[in-house]
Amino acid sequence: MISPEQFLSSVFWARELPEDERERARRGIMLRILEPGTYFIHRGDRIDNWIGVVSGLLRLGSITTSGKAVTYAGLPPSCWFGEGSLLKDEPRQYDVLALRRTQVALLNRSTFFWLFENSVAFDRLLVRLINERLGQFIAQVEHDRTLDSTGKVARSLASLFNPVISPFVGSHIDISQEEIGLLAGVSRPVANRILQELEKAGLLRNESGGVTILDLEKLRGYGE
DNA sequence: CCATTAACATCTA
DNA sequence: TAGATGTTAATGG
């Protein structure tokens, strides 16, 4: 079980629940460490937790029939996911891989459903997250079809720092340029060139194995 | 033109 | 020293 202090500091929605529901939620959470390169979930798995990233980075994606890895989203710290598979009671549609050493919080199924049935605050949280994610995925399709490579990289980076979905993420993420390329749908050399351009424009700072965002608003609006 | 892959050199944790 | 970054050459839609 997770300590009250750790609960408040690592689960962004803890303070949104009234005291009794918050305590119920806390008792339903376990922490787990994932080593880099390990698959946490395989396509087809049944899961029985709602999952939150505490630290590190996960990649949501799948492998095509031809064996190519496709990335659909990066899951940064304070991002919670898996509610779809729980609510629909269906197997996971996608793989989830740890890109870094990653700590996850697991809210067990029965607590998830107790909150779903009994907590207005929890339901509002779920609606807010699902709504935001829907908007994000629609925007991603739009960007794929309308923006040039620079716009794609800028927008996919910005989506990692979405304040509704990942309010605790801060301004820095440990992520390689290769992974940024996979997220944006461009090759590594292109990702490398664009990241240097964006750095010159003062929108971000490149570090080895990570980026720090300096101007999220400009990144998010890139290409308009 | 602009992107991709493959290859190689250089940097850095 | 392994993984990440920076670059270039060849190739293709």
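Letters go in sequence order (proteins before strands), and every chain restarts at 1.
OP1 or OP2 of C:dT5 has not a single side-chain nitrogen or oxygen of A:Asn192 nearer than 4.0 Å. The phosphate of C:dG3 has neither OP1 nor OP2 within less than 4.0 Å of any side-chain N or O from A:Ser208. The side chain of A:Gln196 places an N or O atom within less than 4.0 Å of a non-bridging phosphate oxygen (OP1 or OP2) of C:dT7.
If you take CD1 of A:Ile180 and P of C:dA4, they are 12 Å apart, rounded to a whole angstrom. If you measure from atom CD of A:Glu207 to atom C1' of C:dG3, you get 17 Å, rounded to the nearest angstrom. If you take CG of A:Asp174 and P of B:dT12, they are 16 Å apart, rounded to a whole angstrom. Between A:Glu197 atom CD and C:dG6 atom P there is a gap of 13 Å when expressed in whole angstrom units. Rounding to whole angstrom units, CZ of residue A:Arg101 and P of C:dG3 are separated by 17 Å. One can place CG of A:Asn206 at 13 Å from P of B:dA13, the figure rounded to the nearest angstrom. Distance CZ (A:Arg193) to P (B:dA3): 5 Å, rounded to an integer number of Å. Across the protein-nucleic acid pair, A:Leu147 atom CG and B:dC2 atom C1' stand 16 Å apart, rounded to whole Å.
Base engagement by A:Arg188 is indicated by at least one non-hydrogen atom pair under 4.0 Å involving a base atom. The residue A:Ser176 sits close only to the backbone: its heavy atoms come under 4.0 Å of sugar-phosphate atoms, none of a base.
Distances from the side chain of A:Pro189 to the nucleotides C:dT7, B:dA3, C:dT5 place C:dT7 closest.
Using the six-membered ring where Trp is involved, A:Phe122 and A:Trp13 have ring planes that are perpendicular, over 60° apart on the 30 and 60° scheme. Ring planes of A:Phe112 and A:Phe116: parallel class, angle under 30° (limits at 30 and 60°).
Remark: the backbone N or O of A:Ser110 is paired with a side-chain donor or acceptor of A:Asn108 at under 3.5 angstrom.
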>> Assess the residue pair A:Glu21 and A:Arg24 against the criterion (salt bridge (Lys or Arg N to Asp or Glu O under 4.0 Å)); give the C-alpha distance rounded to whole Å, side-chain angles, the decisive distance to 0.1 Å, and a yes or no.
In response: CA-CA 5 Å; A:Glu21 294 169 6; A:Arg24 171 85 69 142; over 6 Å; no
>> Evaluate A:Asp174 against A:Arg101 for salt bridge (Lys or Arg N to Asp or Glu O under 4.0 Å), listing each step before the verdict.
In response: CA-CA 11 Å; A:Asp174 286 323; A:Arg101 185 178 162 86; over 6 Å; no
